Amino acid sequence: MQALVRALFEPAADAHPDGTIGAELELIPVRDHTGRRVGIDSGADGVGSAEIIRTSTLSEAWKETTDPYGAPNWLAPDASRISFEPGGQVEISSRVFRSPQQLAQSLADTVGALRESAAAHGVTLLTLGVDPYNEIDEVALELHAPRYESMTRYFDSIGPSGARMMRQTASLQVSIELGAKPMQRWALLNALAPYLVAAYANSPDYARRPVGYASYRSHLWQTLDHSRTGLPFDANDPIGAYERFARGASRILGADAAHLTTLFPEIRPRGFFEIRSMDAMEPGRLETALRFIHGIVHDCDTATEARRIVGEPDAAMLARAARQGRSDPEIAERLDALERLV
């Protein structure tokens, strides 16, 4: 385990240059008139998401393939990818870009093409952090790989948040390189996480009612299993802290390498840093969010000042951000200061 964890904080041989950025954006497909969730496959209630993708303009260039468990996915010539999350959420995984503007435009173009096809079939692709219309028992598990079935059994045994996370949430996840000083960047990103939650929170409703959270998606992630989520950071021993976090998490999958993939901290080390704190958002907001992260992280003076503003990683602040978002005065004040930096 120790060697595997240490490798998470070391760049791969094919690591991209520092300053590059990639992302995954998830979309929640629902029927226009009922709000019912759209499955991957077509059925009695209408066309499925796979057919929507096949009939989009993307199909001219994107190659359809099938994963080992039978789920379709699509690969673009530039290595961007479209696949599905366990509840049938559509996931767009970008290639790596040199600028946040290029990345935002690529994601927006893909969303636009998918939405045009979806609209022709009476489907809306929502860019919200959580499904606002349906209870969990109205959303089936769409992917039946052993990983997801094991996760479902485990999460069902401890509470409702895990199933809702798997099948009903959608996020924007941003990936950046480790950089020349990965431990400093690791500290900054963990400290920034609550402010990213608050800045881009857009999931206050669930099952057609307000639930008292600015980001119900973030609340679900934070409460699905405290042994595998949150901010596992220790300035005095960052890698050791993550190893203790990994060892302390209940086992869903047996092997150490597979076990590490079932950890869901706000910032996940993977030979790069995966930032997991933002709700999915409309294409028009993507550039602002991506430029915010890129500008803070990749300029040394800005990163130093940002760290001064936010202080140490704070789990209590993370919970406040999910509940109150920008309406929390302290969070709002710090966010304003951060946004002035970039």
Side-chain angles (χ1 to χ4, degrees), residues 14 16-17 20-33 35-128 131 140 142-145 148 167 170-175 274 278 280-291 294:
D14 60 349
H16 297 279
T20 54
I21 186 168
E24 296 177 353
L25 177 63
E26 296 162 348
L27 312 171
I28 299 173
V30 298
R31 304 286 173 201
D32 285 348
H33 299 300
R36 291 180 61 83
R37 283 289 292 276
V38 176
I40 295 174
D41 297 322
S42 300
D45 61 341
V47 70
S49 294
E51 190 60 24
I52 287 170
I53 299 169
R54 291 184 186 113
T55 57
S56 73
T57 55
L58 299 176
S59 64
E60 299 170 7
W62 294 53
K63 179 182 179 182
E64 182 174 347
T65 61
T66 303
D67 74 16
Y69 303 102
N73 51 76
W74 289 262
L75 189 65
D78 70 356
S80 298
R81 185 167 172 261
I82 298 174
S83 57
F84 294 102
E85 287 292 291
Q89 306 97 311
V90 177
E91 181 179 76
I92 304 166
S93 303
S94 80
R95 68 171 177 87
V96 171
F97 286 86
R98 293 187 176 274
S99 79
Q101 296 91 334
Q102 292 173 328
L103 172 55
Q105 187 61 58
S106 175
L107 290 171
D109 289 346
T110 303
V111 173
L114 294 178
R115 279 183 162 170
E116 182 178 5
S117 179
H121 295 287
V123 170
T124 295
L125 299 176
L126 300 175
T127 47
L128 300 172
D131 178 345
E142 293 279 326
L143 300 181
H144 294 280
Y148 296 125
R167 308 206 295 264
S171 64
L172 172 68
Q173 298 175 14
V174 177
S175 297
E274 183 180 74
M278 292 174 286
M281 64 189 71
E282 277 294 296
R285 297 194 73 195
L286 289 171
E287 184 173 338
T288 299
L290 296 170
R291 289 182 67 177
H294 193 273

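Keep in mind that the numbers below use all heavy atoms, side chains included, and drop hydrogens, waters and symmetry copies. Only a predicted model underlies this, so the values are computations on that prediction, with no experimental measurement involved.
Classification of R81 and E64 as a salt-bridged pair fails, no side-chain N sitting under 4.0 Å from a carboxylate O.
Minimum interatomic distance between E51 and S42 (heavy atoms only, all atoms of both residues): CB-OG, 3.9 Å.
L286 has its side chain within reach of L172: a pair of non-hydrogen atoms, C-beta onward, lies under 4.5 Å apart. The closest side-chain heavy-atom distance from H121 to T55 is below 4.5 Å. Contact of the L114 side chain with the I82 side chain is registered, since non-hydrogen atoms from C-beta on lie closer than 4.5 Å. Between Q173 and E26 the shortest side-chain heavy-atom distance falls below 4.5 Å. Counting heavy atoms from C-beta on, the side chains of Q89 and R37 come closer than 4.5 Å. Here the side chains of S93 and E91 are in contact, with some heavy-atom distance below 4.5 Å. Between V123 and I52 the shortest side-chain heavy-atom distance falls below 4.5 Å. Inter-residue side-chain proximity for F97 and L290 is flagged as unmet; no heavy-atom pair is nearer than 4.5 Å.
In this structure, the salt bridge (charged side-chain N to carboxylate O under 4.0 Å, His left out) partners of R31, at least two apart in sequence or on a different chain, are D45.
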N/O donor to acceptor pairs below 3.5 angstrom from side-chain atoms of residues 70-79, sequence neighbours left out:
unit_1, atom_1, unit_2, atom_2, d
N73, OD1, T65, OG1, 2.5
D78, OD1, S80, N, 2.9
D78, OD1, S80, OG, 2.9
D78, OD2, S80, OG, 3.4
D78, OD2, R95, NE, 3.4

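E287 contributes atom CD, which lies 12.0 Å from atom NE2 of H294 (distance to the nearest 0.5 angstrom).
Counting non-hydrogen atoms of neighbouring residues, nucleotides and ligands closer than 6.0 angstrom, the CD atom of E282 exceeds 12 such neighbours.
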Requested in this report: Could you walk me through whether S94 and S106 pass side-chain hydrogen bond (donor to acceptor under 3.5 Å, both in side chains), step by step?
Outcome: CA-CA 8 Å; S94 80; S106 175; over 6 Å; no

